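Remember, it's 1-based here, ligands and their atoms both numbered in the order they're listed. What you see is a predicted model; the values in this text were computed from it and never measured. Worth knowing before you read on, the calculation uses all heavy atoms, side chains too, and leaves out hydrogens, waters and symmetry mates. One is the number of the first residue; the rest follow in order along the sequence.
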Amino acid sequence: MSIDLSAKIPNNVDLDRDPRLRRALEAWQPKYVDWWKEVGPVGFQNKQIYLRTAVDVGAKGWANFDYVRMPDYRWGIFLSDPQPERKIGFGDVADDAVWQEVPGEHRAALRRLIVTQADTEPASVEQQRKLGAICPSLYDLRNLFQVNVEEGRHLWAMVYLLHRYFGRDGRDEGDALLERRAGSGDRPRILATFNDPVEDWLDFFMFTMFTDRDGKFQLLSLAESAFDPLARSCQFMLTEEAHHLFVGETGIDRVVQRSAELTRHDPNGEASRHGAIDLPVIQRYLNLWFSSCLDLFGGEVSSNAATYFATGLKGRPNEAKFPDHVERDDVRVLEVADHDRLVKREVAARLAINEDVRDSYIRDCQRAVDRWNRTIEHAGLRFQLYLPNRRFHRRIGEHADHHFTPQGEPITAEQYAANRDAWLPSAADRNAVRALQTRPVTRPGEFASWIAPPLRGINGQPIDFEYVRFD
Ligand code: BYC
């Protein structure tokens, strides 16, 4: 599949062969750039940033590094190469040929899935827009902007699908994606987490660890879709997404490392007395972001998810690894609250598809927590971080109307309120983190006191490389 890089919109989808579509996307492009300038990263727009740009979907071409000003970034449309003879892998349509066009009966559902996915991409850029002003290093600043421009490209990937396959409706949705705003009262983003504030760099690392990881599992599920152009778009997005997850997981690891070292050296075990973040504060941020991101998988019992699965629109991550791809007769047992106790409830497996996806996500998060705990142990401390139970602090689904401890035990609203600040970031926690992040650290090789340097630089460059040029 050839890529036309000289085109206004770099692409491997033969835009030149479809002048109507090309014109529609070229009309959307300036609106996108206006959106980027209005609510994208604050400041730094004229700086040269050492960024990765996709120029091909192959192993070599997708990671092309150079200095770029963000508004000049080459946002393109790239789909993974088609798999000849690809068959649908699940649901009532398993083993049928995949679709190259949208079947009329699935138009509304597919549009909704694509719009929901698309909406998260600009939302995250808006949420993170003020972080440059308090960055802990040039290395981290560059990673923030890399994540931001690639979320922009993922929006392009979804807008291409809307324009190409959904006609007038799709173009309207493309415009609406630039009109909603993260955290806005009257035109908020669609999913709750994408309206939550990202105020400091601990939020940012939690976001790229937990929220981007939801993205990974949702994209893996959509990469199974019977609608082949959606599957191929998501496959290529996953390639870029890996770096975002790396930024989150290693970012938290570096914060934890510095906190653990300084906790160990303080007679009272307080890292905050030495310019780092106390480990219990990190746990409370983790509780907040992990629980919020569990909501992004939808309700435990979801007829939407059952329909998506039955009709081949959305599968489960790495569907081939599941023993049963039809799930017509199986059941799943959920543990839910009934007043002050937990009871078991049986539901048809198809209705609990969201829970299967959530399971894969939780396993992947646990792997990262184990890694952070090894870092703490290595520093000679006994403290351990943990994932709260999946029922804790939920706003969507079966557990939303009840209160639970982080261990998942049902409690009253009063008990919950009395412990809230022990379990979730308090105003004092937020102030303590913000007090450490008041100015940008921009000298090459220098790092803020609350975070350890990374093990290595980006693309084989040294850690003290000039990742952002200020002249
Ligand atoms: N907030 O049947 P239910 C990413 C709504 S992140 C608010 O349980 P369903 C990224 C739901 O819409 C990945 N509302 O849910 C990361 C429904 O509304 P209606 C994003 C919510 O439909 C970082 C009602 O509650 N990808 O890529 O099975 C940076 C009942 O819903 C929420 C996708 O989301 C919520 N959290 O599943 C950048 C994939 N959850 O019908 C990017 C596409 C549910 O009553 N989306 N509701 O009006 C989907 O697959 C599904 O829409 C969901 C929800 C998994 C989100």
Handout entry: Leu238/Lys216 under side-chain contact (heavy atoms from CB on, under 4.5 Å): CA gap, chis, key distance, verdict
Key = CA-CA 6 Å; Leu238 280 162; Lys216 167 180 165 183; 4.2 Å; yes

Handout entry: Intermediate values then yes/no, ring pair (Phe, Tyr, Trp, His ring centres under 6.0 Å), His403 and Tyr416
Key = CA-CA 6 Å; His403 297 285; Tyr416 181 82; 4.8 Å; yes

Problem - Aromatic ring proximity Trp201/Phe205, centre distance under 6.0 Å - result: yes

Handout entry: Phe194 heavy atom under 4.0 Å from ligand 1
Key = yes

Completion exercise
A student comparing Val115, Asp295, Leu155, Asp212 should find that the heavy atom closest to atom 40 (N) of ligand 1 comes from Asp295

Handout entry: Nearest option to atom 27 (O) of ligand 1, as decided by whichever heavy atom of Glu150, Met237, Lys216, Gln117 sits closest
Key = Gln117

Exercise for the section: Answer yes if a protein heavy atom lies under 4.0 Å from atom 3 (P) of ligand 1, otherwise answer no. Expected result: yes

Exercise for the section: Measure from atom 15 (O) of ligand 1 to every heavy atom in Cys293, Ala400, Gly298 and give the option owning the shortest one. Expected result: Gly298

Exercise for the section: Output yes when Arg74 and Asp66 qualify as a salt bridge under the 4.0 Å nitrogen-oxygen rule, no when they do not. Expected result: no

Practice task
Name the option, out of Glu151, Met158, Arg112, that contains the heavy atom nearest to atom 38 (C) of ligand 1.
Solution key: Glu151

Handout entry: Nitrogen or oxygen of Ser302 less than 3.5 angstrom from that of ligand 1
Key = yes

Handout entry: ring pair (Phe, Tyr, Trp, His ring centres under 6.0 Å) between Phe227 and Tyr165, worked out
Key = CA-CA 11 Å; Phe227 179 41; Tyr165 297 96; 5.0 Å; yes

Exercise for the section: Kindly confirm or rule out an N or O of Ala192 lying under 3.5 angstrom from an N or O of ligand 1. Expected result: yes

Practice task
Look up atom 30 (C) of ligand 1 and tell me if a protein heavy atom lies less than 4.0 Å from it?
Solution key: no

Exercise for the section: State whether any protein heavy atom lies less than 4.0 Å from atom 24 (C) of ligand 1. Expected result: no

Problem - Option of least heavy-atom distance to atom 10 (C) of ligand 1 (set: Ile190, Asn354, Thr120, Asn148) - result: Thr120

Handout entry: Sub-4.0 Å protein heavy atom next to atom 36 (N) of ligand 1
Key = yes

Problem - Plane angle bin for Phe44 and Phe145 - parallel if under 30°, tilted between 30 and 60°, otherwise perpendicular - result: tilted

